[in-house]
Amino acid sequence: MRVLVVGSGAREHAILWKLAQSPRNLELFAAPGNAGAAAIATNIPATVTDFDALVAAAREFSIDLTIVGPELPLTLGIVDRFRREGLRIFGPTQAAARIEGSKSFARQIMRDAGAPTPTFAVFDDPDAARAYVHSQGAPIVIKADGLAAGKGVVVAQDIDEALEAVDAAMVGRAFGVSGERIVIEQCLVGQELSVFCFTDGSYVSPLVPACDYKRVFDGDEGPNTGGMGGYSPPPWWNAAMEQQIRETCIEPVIREMALQGSPFTGVLYGGLMLTEGGPFIIEFNARLGDPEAQLILPRMENDLLDVVEATLDGSLPSIDLRWSDRCAAGVVLAPMGYPGSHEAGKRIDGLAEAEQEAAVFHAGTALAKGGGFTTGGSRTMTMVGLGATMAEARARAYAAADKVEFEGKHYRMDIASFAVR
Ligand code: AMP
Ligand code: GLY
């Protein structure tokens, strides 16, 4: 069977890595893939938004199943297009992916579903938005409605910062059309947690939790990034918490999506805030997270292909989806300067030694002339340590992070540091 994974990050490398362990005989393809994943898959040079090229590649290589990693192709309707062409694909339709692609749509679904959402209001007019900020006070959260590569959210500590954020999005058009509409919402306080489930539009699989680190420097200092590491599961996760989150945050939303004519099929990713008043939803994403995929897929005991196929053919309830008790800690290596400008093309050494300690998932790497790898743009790779305890998992991830050498290597030292306190 031939499986194509759309995307080029460490998340997509992790999906391919997990598929490569399938006892079924899989031939793996990636579009566009990355240099590391090329060891287990054939890379197809098509960007994730070039649907004509992706459809043509799926035909040319007789792909039986396509799995989509990133949000952009999902919100642009890759699933609808593939289905129209008679091609099998895993992920939500464009209508269902609005749960990630439009924050106002997502909030309205949560409200209709009776799921725990902060108070919010939606604005298309900057004057009305400013007036609302004044009426609510700070802290307050300003969000561009559409996708903004993780940069569309401002948690404003005072009114001036909130007004600036309104103007940047709506007047300065910092996020283009994505910020023509904004959502202004109550600021939640608590512990952040991400949960993931597979769903066929009605059944929700067992949830798996992860926590990530978004800021570039230790102690959550510096700018936001695509993610600098994380761990799964958090030590305080338990069955009662899973049940509460499933019953209040996930199942009502899946039911509401179906009720409103946009059933959600695929992986639903809930970003939650555990507040004193219980779990609240920060946002939903329509896919696996990065770096969370790198943390949770090594903990999946099933064949990923079985789970994906069951989600598509309606037999997910009969799959006994199991997440192992093993702990996973992931440390992201990035070039110095990331998420700002940084140099690429630096030789990477020590990978073979690192791979003795941890699973290594490439993102921004390139094949070096004469063998080996160099750094590319953006984050370089995720080192994922596994162990019976989080301390063990963390030690392995850091041992691997230490063994890899490249000029300007940057990583956080405090990933999962609670485990050694
Ligand atoms: P997002 O781009 O939606 O993932 O938001 C980025 C980050 O902003 C989240 O991970 C939270 O830390 C924070 N955030 C978003 N919405 C809220 C909220 N209503 N209250 C507090 N923090 C929030
Ligand atoms: N870990 C954040 C994301 O995947 O959106």
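Every number for a ligand or one of its atoms is a count from 1 in the order of the listing.
- Under 4.0 angstrom from ligand 2, there are no non-hydrogen atoms of Glu100.
- Near Lys143, meaning under 4.0 Å from any of its heavy atoms, are these atoms of ligand 1: 15 (C), 16 (N).
- The shortest N or O to N or O distance between Arg11 and ligand 2 is not under 3.5 Å.
- Near Cys187, meaning under 4.0 Å from any of its heavy atoms, are these atoms of ligand 1: 20 (N), 21 (C).
- Within ligand 1, counting atoms from 1 as listed, the ones closer than 4.0 Å to a heavy atom of Lys103 are 3 (O).
- Atoms of ligand 1 found under 4.0 Å from any heavy atom of Gln186, numbered from 1 in the order shown, are 18 (C), 19 (N), 20 (N).
- A side-chain donor from one of Gln108 and Asp112 sits under 3.5 Å from a side-chain acceptor of the other.
- Because its NZ or CZ atom is not both nearer than 6.0 Å to the ring centre of Phe51 and within 45° of the ring axis, Arg81 does not count as a cation-pi partner of that residue.
- Shortest contact from atom 2 (C) of ligand 2 to any protein heavy atom: Tyr269 OH, 3.2 Å.
- Heavy-atom contacts of Lys214 reach the following atoms of ligand 1: 10 (O) (cutoff under 4.0 Å).
- Under the side chain to side chain contact (heavy atoms under 4.5 Å, CB included) test applied with Val68, the options Leu54, Val267, Leu74 reduce to a single match, Leu74.
- Less than 4.0 angstrom separates some heavy atom of Val153 from each of these atoms of ligand 1: 1 (P), 2 (O), 3 (O), 5 (O), 8 (O), 15 (C).
- If you number the atoms of ligand 1 from 1 as listed, the ones under 4.0 Å from a heavy atom of Glu192 come out as 9 (C), 10 (O), 11 (C), 12 (O).
- At the shortest separation from atom 5 (O) of ligand 2 among protein heavy atoms lies Arg287 NH2, 2.8 Å.
- Listed by number with element, the atoms of ligand 2 under 4.0 Å from a non-hydrogen atom of Gly289 are 4 (O).
- If you look at Glu292 next to ligand 2, the close heavy atoms, those under 4.0 Å, all belong to the side chain.
- Looking only at side-chain heavy atoms (C-beta outward), Val153 and Glu185 stay at 4.5 Å or farther from each other.
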